[in-house]
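Presented below is the structure to which this report refers.
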Amino acid sequence: LTHDSTLLDVYRPVEALEAEKQRRQSAQQGGVLLTIHDLPNVIMFGANVGSSVYFPGLNFVQGFLKPGLLNKLFWPFRNHAKFRPPVKDETVGVVSYQDFAKQKWDKEFAADYFKDFYTGSRVPSWEDAAGHDDVVNKIDLGMAVARKIGVDPVKSQLRKMEPRFAFDNQALTAAAWDGFRYMGPTDIKYASNGAYGIAVIEHLMKKYNTTGDVLGLLMTDSVFSAHLQRHGDEFHVDLTSMEVYTPIPGYAALGGSATFVEDGARLRTTRLTYGGKTYTDFDVPEVDSDFVGSKRSGWRFAEAAIIASLLSMTNLVMHVKDLHLELAAAFQAVTVDAFAGEPKHPVRRLLDPFISRSIQATNDNFKLLFEYHAADFSLAPLDHTEQLKLIGEAVRDRPLNLADMDMENFGKVRNMDEAVSSLAAINNASRWGWRWHYRALTVQRLYDQLVSCWLDANFASKEGGVDGAVASDGVLQAWWHSMMDHIPSLRRATKSSSEWASPGKLTPMSLRHVARVLMVWLSWIHEDVGHAAASYVYNPVYTPMCVPEDGIGVPSASWSFNALAYRGFVFLHRATLLQEPPDFWFDGNTASRQCFTDFQNALKSLGQTDVAFSECEKTGFYSCVNRVETAVSS
């Protein structure tokens with residue numbers, strides 16, 4: 001049950017190991033902060049053992065081999081299909097989240113906007129839910145007992161500020177993993193990308209000859225660059241809207257802003273503003289000395305708070321609100337119900353991989369996050385009530401528009417030069433290339449080709465060709481109108497960008513636009529903010545999710561909870577884009593199968609030949625192409 005935390009050191013630069021050794025020695029002399037020499041920690045070890053109990057129920061759904069001798073013995077006799085055909089005439093019932101909460105739990109969500117977004121009232125029968133339901137039922141029972149005796153586990157245990165760890169990656173990694181029996185911190189296994197984000201940051205520091213400016217490195221290569229705006233020759237990220245939210249006691253407030261400039265192939269931070277102070281000098285001996293003592297001060301404190309704010313904004317707005325609340329579950333529910341009478345319809349078959357398990361992944365999670373308060377720390381260092389306010393203000397002040405989410409438009413909205421999202425820029429050592437957007441744009445174009453090919457394969461031979469077949473298809477047109485009724489961001493796009501998405505009859509072009517955007521966000525970008533978040537979640541020294549307001553160390557309670565929560569409830573083992581597709585997706589149409597084969601081959605090629613895709617997991621912030629989920633299924 002213990003793991004060798006030094007295995008990660010093989011991937012880390014010597015300079016980083018030496019710096020960590022100095023921090024460890026400083027902590028040992030101080031005698032207050034925990035280091036690798038103070039482990040094992042009984043409480044954290046026990047929590048990891050306990051999390052192993054829940055792991056199989058959530059992770060091993062149909063088609064996945066569950067560990068254990070008996071499971072291996074009976075595996076040859078079991079159905080290995082990860083996807084199963086939809087059942088004719090079965091619906092899931094499209095309902096608002098508020099109505100779902102009333103029906104399922106006899107209560108309402110605290111935030112009024114849950115009435116404006118939609119999900120399914122049940123999980124379809126072709127997606128097994130026994131393990132998932134068993135885990136949720138156990139949590140329900142535990143929470144019922146705790147509340148009966150007047151205990152809130154989150155507030156009573158996770159808000160403790162002591163003990164704390166030094167900035168000792170080896171100790172933090174060991175404490176988060178020892179006791180967990182299904183994998184270790186260096187295993188790329190199931191849906192875990194491992195704790196390699198530590199080494200990735202350190203190698204980027206070495207590459208660009210810096211011992212700081214982690215924020216600039218993140219903005220150079222990571223998903224956080226999705227929050228950038230360009231103003232002239234500078235790039236900005238503005239998180240000042242988060243300053244109004246009260247942090248959990250003991251933790252630093254969120255907010256701040258930062259400015260960056262191109263410096264060769266990277267973005268370099270030139271200005272940090274946080275807590276009413278502005279920092280432009282990043283060579284401050286006192287700040288560096290404090291960091292050796294595992295304390296963030298001055299510009300390093302501001303940088304860490306801004307990084308925590310970026311993580312919080314990404315978690316709460318991009319991941320929870322945009323993908324789960326607004327898009328994924330509604331997309332599955334509408335599609336299942338609209339095509340219930342014709343489950344073999346070509347468009348229903350096309351969309352099948354991208355709607356997998358989204359209702360299951362969303363409905364109960366909202367209860368865990370906001371009713372049982374698991375959102376505290378795991379999404380942001382804010383109380384869940386503050387988080388709901390933040391989401392609500394994003395809904396009100398920055399309403400989602402599906403047309404603006406199109407990667408062809410995404411950079412334009414942010415005033416970005418198109419050239420930064422090209423392969424030439426990525427491979428140019430003398431200028432910055434917007435890696436995150438280039439990756440998403442490239443994959444979206446593959447999806448566009450897939451959709452176009454699929455429509456030709458199934459409709460070109462019909463009377464009137466693709467245009468005529470789509471226009472006269474009553475089931476497809478009814479699906480389109482239901483999508484507009486239940487996905488506000490699509491309805492908004494049809495009003496503001498009718499040439500992008502038709503407000504009346506569905507056209508092939510509108511279908512291509514909407515399908516490619518939903519596909520890239522619900523599979524590819526969800527992976528960036530989901531499983532690939534391991535690079536940041538398991539990396540509290542460089543990319544802290546929660547920063548103590550005094551800047552000292554890493555509180556063990558919140559760190560342990562975040563690592564445990566993501567490993568067991570977010571990084572779930574699910575079907576991937578490059579796995580063998582099931583026959584029912586093609587229904588005997590060989591041209592459709594070729595469309596999907598071409599898509600898979602193109603994606604595989606990117607992973608082999610394009611550095612923006614091949615630098616992954618052990619060597620980059622992203623999941624490798626062979627491990628990307630098909631949908632918001634976790």
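When all heavy atoms of Asp281 and Asp283 are compared, the pair lying nearest together is OD1-N, 3.0 Å. Scanning both residues, Ala425 and Trp432, for their nearest heavy atoms gives CB-O, 4.1 Å. Across all their heavy atoms, Ala166 and Leu172 have their closest contact at O-CD1, 3.9 Å. Closest approach of Cys546 to Phe377, counting heavy atoms only: SG-CD2, 3.6 Å. A pairwise comparison of heavy atoms in Ser297 and Val287 identifies O-CG1, 3.5 Å as the closest pair. Tyr622 approaches Ser222 most closely through the heavy-atom pair OH-C, 3.1 Å.
Residues Met219 and Thr269 are not in side-chain contact: their nearest non-hydrogen atoms beyond the backbone lie 4.5 Å or more apart. Contact check for Asp383 versus Arg159: side-chain heavy atoms found under the 4.5 Å cut-off. Counting heavy atoms from C-beta on, the side chains of Leu267 and Leu228 come closer than 4.5 Å. Taking the side chain as every heavy atom from C-beta outward, Asp528 and Arg439 approach each other to under 4.5 Å. The side-chain heavy atoms of Lys82 and Gln579, taken from C-beta on, include a pair separated by under 4.5 Å. At least one side-chain heavy atom of Arg567 sits less than 4.5 Å from a side-chain heavy atom of Met183. Tyr274 is listed as a side-chain neighbour of Phe301, based on a closest heavy-atom distance under 4.5 Å. Looking at heavy atoms from C-beta onward, Asp322 lies in side-chain contact with Val317 at the 4.5 angstrom threshold.
In this pair, His324 and His526 present their aromatic rings perpendicular. The plane angle is above 60°, beyond the 30 to 60° band. Between Phe224 and Tyr536, the angle of the ring planes lies from 30° to 60°, which puts this pair in the tilted group. Ring geometry, Phe60 versus His573: the interplanar angle exceeds 60°, so the pair is classed perpendicular (tilted spans 30 to 60°). Between Trp436 and Trp521, the ring-plane angle classifies as perpendicular under the 30° and 60° cut-offs.
Every residue meeting the side-chain contact (heavy atoms from CB on, under 4.5 Å) condition with Arg271, not counting sequence neighbours, appears here in chain and number order: Glu234, His236, Thr259, Thr273, Thr278, Thr280. In terms of the side-chain contact (heavy atoms from CB on, under 4.5 Å) criterion, residue partners of Gln170 (sequence neighbours excluded) are, by chain and number, Ser5, Thr6, Asp9, Glu20, Arg24, Ile36, Asp168. Cys616 meets the disulfide bond (SG atoms under 2.5 Å apart) test with Cys624; sequence neighbours excluded.
Note that CD1 of Ile307 and OG of Ser312 are 12.0 Å apart. Values are rounded to the nearest 0.5 Å. Atoms CG and CG, on Asn48 and Leu1 in that order, are 9.5 Å from each other to the nearest 0.5 Å. The line from CG of Asp238 to CD1 of Ile306 is 10.0 Å long, rounded to the nearest 0.5 Å. To the nearest 0.5 angstrom, Ser241 atom OG is 4.0 Å from Met313 atom CE. The OG1 atom of Thr630 lies 11.0 Å from the CG atom of Leu578; values are rounded to the nearest 0.5 Å. With rounding to the nearest 0.5 angstrom, the CG atom of Leu217 is 10.0 Å from the NZ atom of Lys207.
For Arg266 and Tyr208, the positive end sits near the middle of the six-membered ring, less than 6.0 Å away and at most 45° from its axis.
Salt-bridge check for Asp550 with Lys295: failed, with every basic side-chain N at 4.0 Å or more from each acidic carboxylate O. Between Lys155 and Asp376 there is no salt bridge, since no side-chain N of the basic residue sits under 4.0 Å from a carboxylate O of the acidic one.
With hydrogens and angles ignored, the 3.5 Å screen pairs a side-chain donor or acceptor of Arg23 with a backbone N or O of Phe167. Asp38 places a side-chain N or O within donor-acceptor distance of the main-chain N or O of Thr35, the cut-off being under 3.5 Å. Counting only distance, with no hydrogens or angles, the side chain of Asp178 and the backbone of His3 share a donor-acceptor pair below 3.5 Å. Judged by distance alone, with hydrogens and angles left aside, the side-chain atoms of Glu303 form a donor-acceptor pair with the main-chain N or O of Leu215 at under 3.5 Å. Here the side chain of His437 pairs a donor or acceptor atom with the backbone of Met407 at under 3.5 angstrom. Side-chain atoms of Ser605 never come within 3.5 Å of backbone atoms of Asn601 as a donor-acceptor pair (strictly under, hydrogens ignored). Asn315 places a side-chain N or O within 3.5 Å of a backbone atom of Leu311 that can act as its donor or acceptor partner. In terms of modelled atom types and a separation under 3.5 Å, the side chain of Arg164 and the main chain of Gly553 share no donor-acceptor contact. Checked by atom type and distance alone, the side chain of His203 never pairs as donor or acceptor with a backbone atom of Gly620 at under 3.5 Å. In this structure, the side chain of Glu243 engages the main chain of Gly256 through a donor-acceptor pair within 3.5 Å.
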Derivation and outcome, side chain to side chain contact (heavy atoms under 4.5 Å, CB included), residues Thr186 and Asp4: CA-CA 9 Å; Thr186 57; Asp4 186 354; over 6 Å; no

Verdict with reasoning, Leu369 to His384, per side chain to side chain contact (heavy atoms under 4.5 Å, CB included): CA-CA 8 Å; Leu369 290 170; His384 61 282; over 6 Å; no

Intermediate values then yes/no, side chain to side chain contact (heavy atoms under 4.5 Å, CB included), Leu577 and Val625: CA-CA 8 Å; Leu577 291 171; Val625 296; over 6 Å; no

Worked verdict on His227 versus Leu239 for side chain to side chain contact (heavy atoms under 4.5 Å, CB included): CA-CA 9 Å; His227 299 287; Leu239 300 162; 5.6 Å; no

Step-by-step ring-ring contact (aromatic ring centres under 6.0 Å, His included) determination, Trp524 to Phe613: CA-CA 12 Å; Trp524 194 258; Phe613 294 84; 5.8 Å; yes

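In the model, Asp610 has a side-chain atom that pairs as donor or acceptor with a side-chain atom of Tyr438 under 3.5 Å. Between the side chains of Glu202 and Tyr542, at least one donor N or O sits under 3.5 Å from an acceptor N or O. Side chains of Ser558 and Tyr251: a donor-acceptor N/O pair is present below 3.5 angstrom, by distance only. Looking only at atom types and distance, the side chain of Asp152 has a donor-acceptor partner in the side chain of His373 under 3.5 Å away. Side-chain N/O atoms of Ser634 and His531 include a donor and acceptor closer than 3.5 Å.
By the neighbour-count criterion of 12 heavy atoms within 6.0 Å, atom CD1 of Ile43 is sparsely surrounded, having that number or fewer from other residues, nucleotides or ligands.
In this structure, the ring of Phe571 has its center no less than 6.0 angstrom from the ring center of Tyr190. Side-chain rings of Tyr182 and Phe55 approach one another, their centers coming within less than 6.0 Å.
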